[in-house]
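All values below were derived from every heavy atom in this structure, side-chain atoms included, with hydrogens, water molecules and symmetry-related copies excluded.
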Amino acid sequence: MPNLALELGKQSTHFGVSAAYGEQQDVDGVRIVPVALVWAGYGGGSDEQGNGGGGGGGYTLPLGAYIRRGDDLRFDPNLVSLLAVGIPFVWVAGRALSRVIRALKK
């Protein structure tokens with residue numbers, strides 16, 4: 001059985017910058033580079049009888065795209081992703097803040 005950690009390392013070399021920044025696209029003279037938040041995790045193991053296994057998973061959240069028109073470069077956020085992440089964050093932050101205020105009143 002090959003070394004599982006080495007195999008996972010070889011297969012995950014495309015993670016990182018090339019996974020977070022997509023391939024540049026040119027559309028009608030406008031250059032677009034998609035940007036995402038990427039994370040992944042792996043695990044594996046074996047026992048004394050040589051039984052082993054492993055697995056992994058990952059997640060990608062599209063953040064938006066860099067758009068270049070001539071000399072103008074700007075970032076356009078993906079509003080759907082922003083809302084999908086922002087709404088739960090605001091809810092949790094609001095609950096935490098209300099509990100802090102309630103504790104300070106006592």
Side-chain angles (χ1 to χ4, degrees):
M1 182 172 153
N3 189 338
L4 187 60
L6 292 176
E7 289 298 317
L8 286 173
K10 289 177 188 174
Q11 292 176 6
S12 66
T13 56
H14 70 278
F15 283 174
V17 173
S18 62
Y21 295 95
E23 291 186 27
Q24 172 182 306
Q25 304 292 322
D26 291 321
V27 179
D28 294 332
V30 177
R31 219 170 255 180
I32 301 170
V33 178
V35 181
L37 178 64
V38 180
W39 64 91
Y42 299 98
S46 62
D47 59 13
E48 291 80 26
Q49 289 87 22
N51 300 320
Y59 188 75
T60 303
L61 180 67
L63 296 178
Y66 284 107
I67 299 175
R68 178 181 291 277
R69 287 187 178 101
D71 290 336
D72 181 37
L73 176 67
R74 64 186 171 87
F75 179 78
D76 269 354
N78 181 344
L79 296 179
V80 174
S81 293
L82 182 63
L83 288 174
V85 171
I87 290 172
F89 175 75
V90 169
W91 183 80
V92 169
R95 295 263 308 181
L97 184 61
S98 70
R99 289 180 185 220
V100 167
I101 292 171
R102 195 175 311 143
L104 291 174
K105 284 184 179 180
K106 290 183 180 182

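- Taking Ile, Leu, Val, Met, Phe, Trp and Tyr as hydrophobic and joining them when side-chain heavy atoms fall under 4.5 Å apart, one finds Leu82 in a cluster with Leu79.
- Other members of the cluster containing Ile87 are Leu83, with ILVMFWY side chains joined at under 4.5 Å, either directly or via other members.
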With a cut-off of 3.5 Å and sequence neighbours excluded, list every side-chain donor-acceptor pair involving residues 54-73.
none

Less than 3.5 Å apart, which donor and acceptor atoms pair up between the side chains of residues 24-31 and the rest of the protein, not counting sequence neighbours?
residue: Asp26; atom: OD1; partner: Arg31; partner atom: NE; Å: 3.4

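- Tracing side-chain contacts under 4.5 Å through hydrophobic residues (I, L, V, M, F, W, Y), one reaches Val33 starting from Phe75; they form part of the same cluster.
- The side-chain hydrogen bond (donor to acceptor under 3.5 Å, both in side chains) analysis of residues 75-86, with sequence neighbours excluded, yields the pairs Arg74-Asp76, Asn78-Ser81.
- For Arg95, there are no salt bridge (charged side-chain N to carboxylate O under 4.0 Å, His left out) partners, not counting sequence neighbours.
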